Amino acid sequence: MAETGEASTAGESANGPARGLIVVGVDGSPLSIAALRYAGRLAESLGCTIEALSVWQYHMALGTFTPLDWTPEEDTSELLDQAVREAFGSDPPAGLRRTVRQGHAASVLAKAGAGAEMLIVGSRGHGGFAGMLLGSVSASVSAHARCPVLIIHPQPAPKE
């Protein structure tokens, strides 16, 4: 597991009692970047810190192989850094923590949300089918997280 940024966990920090935590699932998709931006606005209003969390896992399928030079934790960390830059530019929220973990995204996110003020995810990430309202990760997280879950949906196209 890799973590960067200020480390604080529920109930403790280097400067005394921890502020509330908002966990955001980030896969680099436009909706996960929108989720980061929304978390930034909420965190400022509520006095919370943000944990931007990206998850990777090995995929097993017949007839495929994992390239020998693939570094999934490094690649995911780069994706997370790029998403944070896209969401906040050169001025990320104070105390923003970037975390990369291995595992099944929905399970890791739901577990990370335990004790958080809120968990925010995009309605659909990079996988899935275009016509679905919810992706498998957002649907699973909303069913299993032990904190409030905010699901960011695409903005409707402006009417002409």
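Model, not experiment: these values are computed from the prediction. Keep in mind that the numbers below use all heavy atoms, side chains included, and drop hydrogens, waters and symmetry copies.
- Counting all heavy atoms, side chain and backbone alike, Glu117 lies closest to Gly20 at CG-CA, 3.6 Å.
- Between the side chain of Thr76 and the backbone N or O of Glu73 there is no donor-acceptor pair closer than 3.5 Å.
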Side-chain donor-acceptor pairs under 3.5 Å in residues 33-48, sequence neighbours left out?
unit_1 : atom_1 : unit_2 : atom_2 : d
Arg37  : NE     : Ala87  : O      : 3.4
Arg37  : NH2    : Glu86  : O      : 2.8
Ser45  : OG     : Arg41  : O      : 3.2

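- Nearest approach of Val100 to Ser77, heavy atoms of both residues: CG2-CA, 3.8 Å.
- Looking only at side-chain heavy atoms (C-beta outward), Leu119 and Val141 come within less than 4.5 Å of each other.
- Legend: ring-ring contact (aromatic ring centres under 6.0 Å, His included) pairs involving residues 82-123, not counting sequence neighbours: none detected.
- Closest of all the heavy-atom pairs between Ser142 and Ala139 is OG-O, 2.8 Å.
- Pro154 is listed as a side-chain neighbour of Leu31, based on a closest heavy-atom distance under 4.5 Å.
- Side chains of Val24 and Val121 form no contact here, defined as non-hydrogen atoms less than 4.5 Å apart.
- Taking 4.5 Å as the limit, some side-chain heavy atom of Val84 sits within range of a side-chain heavy atom of Arg98.
- Checked against side chain to side chain contact (heavy atoms under 4.5 Å, CB included), Ser32 has the following partners two or more places apart in sequence or in another chain: Val26, Asp27, Ser29.
- Note: Glu74 CD to Leu79 CG = 13.5 Å, rounded to the nearest 0.5 Å.
- Going from atom CH2 of Trp56 over to atom OG1 of Thr71 covers 9.5 Å, rounded to the nearest 0.5 Å.
- When all heavy atoms are compared, the tightest approach of Leu21 to Arg97 is CD2-NH2, 3.8 Å.
- When every heavy atom of Val23 is checked against every heavy atom of Ala116, the shortest pair comes out as CG2-CB, 4.0 Å.
- Nearest heavy atoms, Ser138 versus Ser123: OG-O, 2.8 Å.
- Here the straight-line distance linking atom CD1 of Ile22 with atom CD of Glu51 works out to 12.0 Å at 0.5 Å rounding.
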